[in-house]
Amino acid sequence: MPRNDPTDTGGLFIGRRPGTAPLRYKEDPARGGEGRRRTDATLAAAVLVLEALVCLTLWGPQPVAWLWVGSQVDYHADSITLALAVTFLGMVATLMITLGIATRLDRVWRILRRAAGHEQREGVLPRIFAVTAIVALVLFSLWFVLIEGPAPSLAPR
Amino acid sequence: MRRFLGYYRQFEELSPQEVSRALRARRDEEKAQALAETPALNLASPAWHEPPHAEIVNAATFALRRAVNTYPDAGAEALAAALADRHGVERAQVVPGHGAGELLRATLQALLAGSGSGGDVAIAWPGWGPLPRLVHEAGGRPVPVPLGRDGAADVDALAAAAGPATRAVALCSPNDPTGGTIGADALRRLAGALPPSAWILLDAALADFEEPGTDLAGLTRELERLLVFRSFSKAHAMAGFRAGYAIGPGGAGELLARLAPTLGISAPAQAGMTWAAANGERYLPRRREHAATERDHLAAVLTGTDFAFPRGTGPLLWLSSAALSGKELAAGLATKRIFVAPGAAWGDDHHVRITLRGPAATDRLAAALKDLRPSS
């Protein structure tokens with residue numbers, strides 16, 4: 001059933017609901033055979049995993065890496081202000097770069113999905129971003145509360 | 001590699017800007033075409049050219065959004081009560097149905113098919129187009145009786161045409177296609193002159209275009225064999241609802257019961273008709289005035305030409321020309337993309353039936369007629 005079926009809306013809305021417009025191509029795509037579509041579906045799944053991994057780096061590896069860089073700056077320059085500035089700006093910079101990469105991967109994923117035979121109107125990046133944030137928050141909470149504890153391990157107890 | 005990437009590039013969607021650009025280009029082309037060509041003007045259909053009052057649509061929509069999974073009120077009690085109130089008759093005298101035409105068909109079936117040998121039906125002619133066919137289908141014989149000079153039914157001629165085999169006399173007021181009307185006295189005179197077995201079938205589908213106070217439905221209290229058929233398709237602009245009703249004398253309960261649709265009429269139609277019956281006077285005066293204004297305007301514009309039509313009531317004109325036949329008139333107007341109903345449908349080759357619309361349509365029709373005359 002089409003997503004703009006009148007029974008969804010009581011039949012009174014003349015216009016199209018947002019996000020339900022059909023995909024418009026420059027020309028009707030010449031689709032590949034069944035084998036090619038299966039390959040494209042597999043590639044789309046691989047790109048999706050890669051996209052998720054790239055997003056996950058935002059919530060763990062990247063902050064940790066920049067904290068380490070910041071600590072090195074503090075150690076060598078003996079300036080906490082400089083260390084904080086480098087950490088903050090570096091985080092923002094790699095966040096932008098990561099989002100740029102994820103956006104491109106999302107576009108590749110949409111195209112592969114369409115090539116695999118799906119009418120893929122929208123990307124999945126916002127959902128991946130949200131899910132990876134929740135996963136990272138849960139993992140951090142488990143580590144912080146249950147494994148490591150609120151107090152630093154190197155500090156005298 | 002280029003071919004490989006080209007395969008996937010074809011799945012890239014157009015951006016919203018690209019889609020809008022293409023749509024704008026298409027719309028511009030359509031506009032240019034629309035300006036270049038003259039739109040068709042359909043003056044052949046007798047339906048009112050504007051949509052119904054918004055509250056009629058609201059009432060019908062409200063009914064649709066309620067329990068349409070259940071059967072509607074088969075007796076249409078609320079509607080019948082509103083109609084009885086409108087015409088000042090008893091509830092039992094009113095039969096709502098699927099339009100005046102359908103009720104006329106049911107009446108003819110009841111009067112003629114039940115009599116075994118059929119019978120004659122005198123019809124004031126030209127009248128409502130499908131009527132002779134309905135008489136034939138019911139097993140009867142239509143007997144056309146010419147109208148009077150004013151385009152209204154000639155009640156004396158109808159009475160004279162009625163014999164022992166006559167089961168009914170059918171007439172239209174205001175008459176489709178001429179617009180001629182008859183009054184209560186003429187109807188009383190006709191009733192008095194007919195054989196006792198003959199019914200008067202008064203098709204009053206255009207009666208809402210008459211001035212208030214001329215309603216002939218009230219005569220059903222007085223004349224024992226009068227059936228009046230009313231429609232919501234014309235002045236109420238509800239042709240798509242297929243809605244109408246019949247009013248008969250109180251003593252004709254058995255016949256009236258046979259006219260009602262077996263399982264009633266749809267809930268949206270009932271709701272729309274009920275609102276229109278109770279509130280029609282909110283918009284009917286404007287439509288009466290509109291039809292009369294357009295009629296007078298065209299008559300004034302055509303003064304001094306060889307076109308003529310009977311003075312009458314309502315939006316239908318029975319136009320003739322001294323120089324052109326009805327077929328030539330219709331064909332000539334069709335070349336200007338104005339479509340009218342040729343009189344041949346009524347067996348008349350000297351007239352066309354025209355349904356008036358708004359001032360712009362009337363002006364365009366008048367200009368086309370004036371152009372038509374000298375060139376043909």
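The chains referred to below are lettered A, B, ... by the order of the sequence lines, with proteins before strands, and numbering in each begins at 1.
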Would one find more than 12 heavy atoms of other residues, nucleotides or ligands at under 6.0 Å from atom OH of B:Tyr71?
no
Mark yes when over 12 heavy atoms from residues, nucleotides or ligands other than B:Asp28 sit less than 6.0 Å from its CG; otherwise mark no.
yes
To the nearest 0.5 Å, what is the distance between CD on A:Glu119 and CD on B:Glu13?
11.5 Å
Any residue meeting ring-ring contact (aromatic ring centres under 6.0 Å, His included) with A:Trp66, in chain and number order, not counting sequence neighbours
none
Looking at B:Leu263, I'd like to know if its CG atom is crowded, meaning that more than 12 non-hydrogen atoms belonging to other residues, nucleotides or ligands lie closer than 6.0 Å.
no
Taking the side chain as everything from C-beta on, heavy atoms only, tell me whether A:Gln120 gets closer than 4.5 Å to B:Phe11.
no
Is there a donor-acceptor pair closer than 3.5 Å between any side-chain N or O of B:Tyr7 and the backbone N or O of A:Gly32?
yes
So with a 6.0 Å cut-off around OH of B:Tyr8, is the heavy-atom count from everything else above 12?
yes
Contact check, side chains of A:Arg24 and B:Glu18, non-hydrogen atoms, under 4.5 Å
no
Tell me whether the count of non-hydrogen atoms from other residues, nucleotides or ligands lying under 6.0 Å of CD in B:Glu289 goes above 12.
no
Tell me if the CZ atom of B:Arg66 is crowded by more than 12 foreign heavy atoms within 6.0 Å.
no
Which residues from residues 90-118 of chain A are near chain B, with near meaning under 4.5 Å between non-hydrogen atoms?
A:Arg107, A:Arg110, A:Ile111, A:Leu112, A:Arg114, A:Ala115
Check for a donor-acceptor pair, side chain of B:Gln10 on one end and backbone N or O of A:Ala30 on the other, with a separation under 3.5 Å.
yes
